[in-house]
Every structure is written in C-alpha cells, then in structure tokens.
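For reference, the structure discussed in these notes is given below.
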There are 2 protein chains.
Amino acid sequence: MAARDYGEYGGVTRALELIGERWALLIVRDLLVGPRRYGELAAGLPRIPSNVLAARLKELQAAGVLRRAPRSRVIVYELTPYGHELEPVVLALGAWGFKALDDPRDEQVITPDSMTMDLRSAFRAGIAAELPATAYAARVGEAELLIRVDGRTLDVSRGDGPADLAFAAGPGIRRVISGELAADRAIATGVVEVLHGRGALLDRFATTFHLAA
Amino acid sequence: MAARDYGEYGGVTRALELIGERWALLIVRDLLVGPRRYGELAAGLPRIPSNVLAARLKELQAAGVLRRAPRSRVIVYELTPYGHELEPVVLALGAWGFKALDDPRDEQVITPDSMTMDLRSAFRAGIAAELPATAYAARVGEAELLIRVDGRTLDVSRGDGPADLAFAAGPGIRRVISGELAADRAIATGVVEVLHGRGALLDRFATTFHLAA
DNA sequence: CCGTATCCGCTCAGATACTG
DNA sequence: CAGTATCTGAGCGGATACGG
C-alpha cells in the first residue's frame, strides 16, 4: 500500500512518498479549492487516465491526505485536515513554477481550479490591505472566475457575478501578473479586453496579484 | 528535453514538470545544503541508480535549476539562483512530511544533508531569538552534525566541533522534536545519550526545533 | 453518468556492468 | 571518480468494458 520508498528517513523523503507520485499533487491542488467529485477531478486534469486517477485517490486516502466526504449523497472527495496543511507547499510551488511559465502552447488548457490556485499564489495580502475592496470577473480560456478582494482576504469562485471590472484575456494575462506588460498597454494591445467597468482597475489587479520573474 | 507535460498551463503544473520527476527534489534538497559532487549526491541518495542520477542532473540543468560550478577544478553541482528559490518549497514539504514520519525501519538511512534540512524545517527563529546562543553536536545514525544557533540564525555543518551539548541519539530524536517525548525523559530512557555538556540543554534544543504532529 | 477494473504498448526506473 | 551502456520490469498512458 505504501508507495515505493526512497530508503531514507526524513521529512522531505516521507512527503514525497506520500504525494510525490505523478498527478498526486495536482489532485491536492484542485481539492484545495474545494471538495470535488470524481468527474470534476477528471475534468480538471484533462490528460489523467481514469485508472491512474482511481489509483491516486486510493493512495492519497490511505496516506491520510483526502477522504470521501461522509454523509453526502453522492461521492465527494475532500482533503483531510492533514491534507489541507499542504496548502503552503502548493502555493510555494505554484509561485515558483509560475515564474518559469512561458507562453502557452495550443494544446495547453487553463482550468478554473488551476487558475484559482495561481491567483492565490500571486495574491499579495499586504498590498491588497491598502486598497479598496474590489471584485473582478475574469474570463481566461475556459475558466470564468469571480475574484473578490477585500482587505487581506481573497475569495475566488467559479462563474460570473457583479464585479467592478469584467475582463477577458488570453493567457497573456501572465505577463500582466509578472509585470512584463503594464495594465494599460495590455488593454491597448488587446491582450486584455475590458467587458465592462473601468479599465483602469486592471492596474489595481496587477498590483494585487504579482509574481516577478 | 522537456519532461513529459501535463497538458495544463499553470504554476503548479509547470513546477512539477521541472522538478516533479522521481528523485529530482531530493537532489535539490541536498544541494540546498551546499554544492555537491556527483559521488556525494550518490552517497546522499543511497538507492538512486547512477543512470537516473545522471539523467536528473541533465534535466535539472536544462530546467535552469542547477549548474556545474564554473572555474572549479573538479566537477561540482550547485543550485542556480532560481533553483535556490525552491528553498521555501522544500522546507514546507519537509515540515509536512516530518509529521507523517513514524519510527524508522531498519533499512532506512539518515544522511547528514537530509537531517540538516529537517532541522531547518523545524527551526523556530522567533523562539530561538529569545534564547542564548547555543551550539549542539549531534550524532544521529551516520550523521554527525554541528548545530549552531545564534539569535534568529541557524547554521548546521557536518562533523564535530566545540559544543555546549553533545549528544547521540537514535532516530527516536524525532519524538523529542515532535513533543511526544520530553527532553528529560528522552535522556532517562536512553533515547538520547548525553556525551558531554549539560543534559538540561536538550530541553532548549527541543524548544528551538519543534514540529508538532 | 459515476467510479473501477482490465487490457496493451511504451516509457521510465532499477540493477548491474563497463569505460575515460 | 564521474559518468555511460544495457537489460529487465514496474508504472504510466490510452482505450475499452463493466457494475451502481
């Protein structure tokens, strides 16, 4: 049942034995956004073979990282408290990997859950606390998110809703977050399209969410 | 050259493409302690096949995580600045995995580098700042470390040296760090053997390095 | 539809031997 | 010492099929 081990006794080694297998940490990432059904997980990990997903769910359950939500009519997977403690790991990893992103290839997909976690990685609570509460509606690829920033708290949820600024963007939004592309130039060049609201708020967005390369 | 990808565009995904392969993050962990030769890395990862180590070193080099140290007579591997930015990831992962450690199996090894990183994970700078500067000489398994704490800074180096407290322990030292076993009881039961210095300092050690389960 | 199991082809990991 | 070469088998990816 225990994953193939490394023959070493230590914290990192143990962690990798529990969540180091291929796909495992991506499942954790999506569950950090919220409980998910089997099919939702499969949809959020487009290339995962169904047998691998089933195997990982079992292993992660045995490892105490996730569980099937009790007293729920349908089967729903959720993180255990211990699994939830992986949040700092996933955020740090996401921040690190974000800096290595180049422009996306055509076959690459952006899912709502992955984008949610990227936004959490890039969120600067200290900066946001100085700014007025703001709601953004963002459409990037297939992901449609409502992003609410209020003081030091960030809430990202799927779907649409009332927002101070609604915008659509290609994945070039990355360059806005990395600071390579100024907000006003992103709008001017069409990388970001303002759907409604004051376009000037995109600059606030870029200030709130920032990961320098 | 690029590792097998996940077909998704996002920070965590990209990170796992770069350092998600088996053994990769353990190599990074050891290099976070300092530059290492090929043979030193092999010794610190007892079960890694030599071809896999060679392959990982190439991939991590291509990923910009590490490089061969320039103008060095022998071949030495060291992290790039970008690779060094993985430190928070490794520390967080180590802290998480440490909590899932149970007692070690016989074939499991403790290496100096893995123990050094575990100590860094468990180090509580805020607590240490309130305590007097202290040097510990610890022998755990094959690892012999000199641990110097001064204010908020921690320095761990291999080998022996002048210390306020020198002790030898089996891996049961984990229970001291987790708080399951009080320092005085660890000494009384022989889990930790005081070689010289005041045994009472082990309590300070347990306060300085702590990861609750 | 949701969750699993089972097939197969293939890549990668593991073990060992060998070379500059 | 610092890798490369080769072989074998485990695990992944992909497809398909089956029970609730």
Side-chain angles (χ1 to χ4, degrees), chain A residues 1-8 13 16-27 30-31 34-63 65-78 107-109, chain B residues 1-8 13 16-28 30-31 34-63 66-78 107-109:
Chain A
M1 187 64 66
R4 213 155 23 126
D5 72 27
Y6 286 98
E8 242 183 56
T13 310
L16 291 176
E17 285 166 2
L18 296 178
I19 49 80
E21 297 289 305
R22 193 164 161 76
W23 296 106
L25 209 54
L26 293 178
I27 294 171
D30 285 4
L31 290 180
R36 293 284 180 270
R37 311 258 299 273
Y38 185 95
E40 294 174 309
L41 289 171
L45 281 5
R47 297 245 265 251
I48 195 173
S50 62
N51 57 349
V52 174
L53 177 53
R56 290 295 168 275
L57 289 174
K58 273 187 192 156
E59 295 158 12
L60 291 172
Q61 234 173 318
V65 172
L66 57 81
R67 65 181 166 217
R68 297 160 95 114
R71 68 180 134 291
S72 166
R73 211 173 39 75
V74 294
I75 297 175
V76 177
Y77 297 93
E78 65 181 13
E107 79 275 16
Q108 286 187 312
V109 159
Chain B
M1 185 64 64
R4 213 157 20 129
D5 72 26
Y6 286 98
E8 243 182 53
T13 309
L16 291 176
E17 286 167 1
L18 296 178
I19 49 81
E21 298 289 303
R22 193 163 162 75
W23 295 106
L25 209 55
L26 293 179
I27 295 172
V28 172
D30 285 4
L31 290 180
R36 292 284 180 270
R37 311 257 298 272
Y38 185 96
E40 295 175 310
L41 289 170
L45 280 5
R47 296 245 265 251
I48 196 175
S50 62
N51 57 349
V52 174
L53 176 54
R56 289 295 167 275
L57 289 174
K58 274 187 192 155
E59 294 159 12
L60 291 172
Q61 234 173 318
L66 57 81
R67 65 182 165 215
R68 297 159 96 116
R71 70 180 132 288
S72 165
R73 211 173 36 76
V74 293
I75 297 175
V76 177
Y77 296 93
E78 64 181 14
E107 79 275 15
Q108 286 187 310
V109 160

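Just so you know, these numbers use all the heavy atoms, side chains as well, and skip hydrogens, waters and symmetry mates. Lettering of chains follows the sequences in order, A, B, ..., and the numbering in each one begins at 1.
Residues satisfying the side chain to side chain donor-acceptor pair (under 3.5 Å) criterion with Arg68(B), sequence neighbours excluded, are absent altogether. Legend: residues meeting side chain to side chain donor-acceptor pair (under 3.5 Å) with Glu107(B), ordered by chain and number and at least two apart, are Arg105(B). Every residue was checked against the side chain to side chain donor-acceptor pair (under 3.5 Å) condition with Gln61(A), not counting sequence neighbours, and none meets it. Residues meeting the salt bridge (charged side-chain N to carboxylate O under 4.0 Å, His left out) test with Arg22(A), sequence neighbours left out: none.
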- Item | Secondary-structure string, 5' to 3', Watson-Crick or G-U under 3.5 Å, | for another-strand partners, for DNA chain D | .|||||||||||||||||||

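Remark: the backbone N or O of Tyr6(A) is paired with a side-chain donor or acceptor of Glu17(A) at under 3.5 angstrom.
Atom CZ of Arg56(A) is separated from atom CD1 of Ile19(A) by 11.5 Å, given to the nearest 0.5 angstrom. Taking CG of Leu18(A) as the start and CG of Leu25(A) as the end, the distance is 11.5 Å to the nearest 0.5 Å.
Counting any heavy atom pair closer than 4.0 Å across all strands shown, Leu53(B) reaches no nucleic acid atom. Heavy atoms of Tyr6(B) sit nowhere under 4.0 angstrom from any nucleic acid atom.
Listed by residue number, Arg37(B), Tyr38(B), Gly39(B) are the residues of residues 34-41 of chain B with a heavy-atom contact under 4.0 Å to DNA chain D.
Tyr38(A) places a side-chain heavy atom less than 4.5 Å from the side chain of Leu57(A). Within the 4.5 Å cutoff, no side-chain heavy atoms of Glu8(B) are placed close to those of Gln108(A). Side-chain contact check for Arg36(A) versus Glu78(A): every heavy-atom pair is 4.5 Å or farther apart.
Atom C1' of nucleotide dC10(C) and atom CZ of Arg4(B) are separated by 10 Å, given to the nearest angstrom. Asp5(B) has its CG atom 16 Å from the C1' atom of dC12(C), to the nearest Å. Note: CH2 (Trp23(B)) to P (dC12(C)) measures 18 Å, nearest angstrom.
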Can you list, pair by pair, the side-chain donor-acceptor contacts under 3.5 Å of residues 40-55 of chain B, counting residues two or more places apart and other chains?
{"residue": "Glu40(B)", "atom": "OE1", "partner": "Arg37(B)", "partner atom": "N", "Å": "2.6"}
{"residue": "Arg47(B)", "atom": "NH2", "partner": "Asp5(A)", "partner atom": "OD1", "Å": "2.7"}

Grab the N/O contacts between the protein and nucleotides 15-20 of chain C below 3.5 Å, and write none if there aren't any.
{"residue": "dA15(C)", "atom": "N6", "partner": "Asn51(B)", "partner atom": "ND2", "Å": "2.6"}

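Taking all atoms of both residues into account, the shortest heavy-atom contact from Pro35(A) to Val76(A) is CB-CG1, 3.4 Å.
Close approach of DNA chain D to chain B, defined as any atom under 4.0 Å from a non-hydrogen atom of the protein, starts and stops at dC1(D) to dG13(D).
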- Message: Let's go through Val28(B) and Leu66(B) carefully: what are the C-alpha distance in whole Å and the side-chain angles of both, what is the deciding distance for side chain to side chain contact (heavy atoms under 4.5 Å, CB included) to 0.1 Å, and is it a yes or a no?
- Response: CA-CA 8 Å; Val28(B) 172; Leu66(B) 57 81; 5.8 Å; no

